[in-house]
Amino acid sequence: MLSLDTVWFQVAGTLCNIACTHCFISCSPTNHAHEMMTFEEIVPHLEEAKRLGVREYYFTGGEPFMNRDMLRILDATLLQGPATVLTNGMLLRRETCSALRELIDRSEYSLDLRVSLDGFDGETNDAIRGVGVWDRVMGGLANLAEAGINPVITVTTAADSVDTADGRARFLEVIRSFGFDKPRLKVLSLFRIGAEEIRTHGYEPQERLTTEMLEGADMSVLQCSTSRMITAKGVYVCPILIDSEAAKMGDTIGETLRPFPLAYGACHTCWVDGVTCRT
Ligand code: SF4
Ligand code: SF4
């Protein structure tokens, strides 16, 4: 590890209200591999993160807004740094969006929302995310727009043609249709683990980082060089490997500030595609 500047919370565990066919940790309404984190569980980690000089906080799951403590957790986090929530956008009700607006207005730090789409219409999106998801997310985006919150739309490369200029333009058009005049779009690579391993295929044995690849390399491009992931079961190396018990590095952040062997297929994707889950 080079220097810690970011902490992630698996705030909803592996529980999600949907079950996307590409989810690299196979989240679903019934996956209890990692349980939700309570406000009381989060607070000591926030305090430790502050002592260690962490500058940025991310919240993910599963679906963070399934966690009843989410707004309270954000309120506490925004006293010490900027926060980003990764959400599927289905639970962004009007009252939730106005509560988020209030948090934004009273914090000196920024609060960002990241909303996932995997298609530019109901048919393409719901083929990956499930029937009826598109309509719910469109409702959530409308509520965010009404509250004056411009989210980052994240799209994985499972989405048809998002890596082409035309595909990108179609996503930008969807975002602009809500009146967001400065559309924000982030395209993410897929990790071929979890449900994605079944949807497509896993990693070949040769898809691993080698000593030669890393010789003289700038390790700061890997998010495990500057961040850690906190779950209800302990602190893991990164948001990607929480299904690997070997990736649990300790119970406190302080115990995990050491190098981690980059021996996984997902590490190859991070390196080759330059992936970071940060915004
Ligand atoms: S990709 Fe996100 S929204 Fe889809 S199942 Fe996984 S956690 Fe839930
Ligand atoms: S998957 Fe590997 S390279 Fe990527 S952040 Fe995690 S430990 Fe680092």
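The chain is numbered in sequence order, starting from 1. Order of appearance sets the numbers: ligands from 1, and atoms from 1 within every ligand.
Close contacts of ligand 2 with Gln223, meaning ligand atoms under 4.0 Å from a residue heavy atom, involve 5 (S).
A donor-acceptor pair shorter than 3.5 Å cannot be found between the side chains of Tyr109 and Thr77.
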query = How far apart are the C-alpha atoms of Tyr236 and Glu245, what are their side-chain angles, what is the distance that settles it, and do they pass the side chain to side chain donor-acceptor pair (under 3.5 Å) test?
reply = CA-CA 9 Å; Tyr236 284 66; Glu245 271 316 295; 3.0 Å; yes
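Protein atoms of type N/O/S that fall under 2.8 Å from atom 4 (Fe) of ligand 1 number 1 in this view. For atom 2 (Fe) of ligand 2, protein N, O or S atoms under 2.8 Å: 1 in total.
Applying the 6.0 Å contact sphere to CD of Glu215 captures no more than 12 heavy atoms from other residues, nucleotides or ligands. For Glu123, the CD atom sits in a loose shell: 12 or fewer heavy atoms of surrounding residues, nucleotides or ligands are nearer than 6.0 Å.
Distances from atom 7 (S) of ligand 1 to the heavy atoms of Ala12, Gly62, Ser28 put Gly62 nearest.
With hydrogens and angles ignored, the 3.5 Å screen pairs a side-chain donor or acceptor of Glu48 with a backbone N or O of Ile253. Of the possible donor and acceptor atoms, one in the side chain of Lys248 sits under 3.5 Å from a partner among the backbone N and O of Lys233.
Using a 4.0 Å cut-off between charged side-chain N and carboxylate O, Arg199 and Glu196 make a salt bridge.
Shown are Ile128, Asp126, Val133, Val131; of these, the side-chain contact (heavy atoms from CB on, under 4.5 Å) with Ile18 is made only by Val133.
Scanning for side-chain hydrogen bond (donor to acceptor under 3.5 Å, both in side chains) contacts around Arg170 gives an empty result, with sequence neighbours left out. Partners of Phe191 under the ring-ring contact (aromatic ring centres under 6.0 Å, His included) rule, at least two apart in sequence or in another chain, are Phe24.
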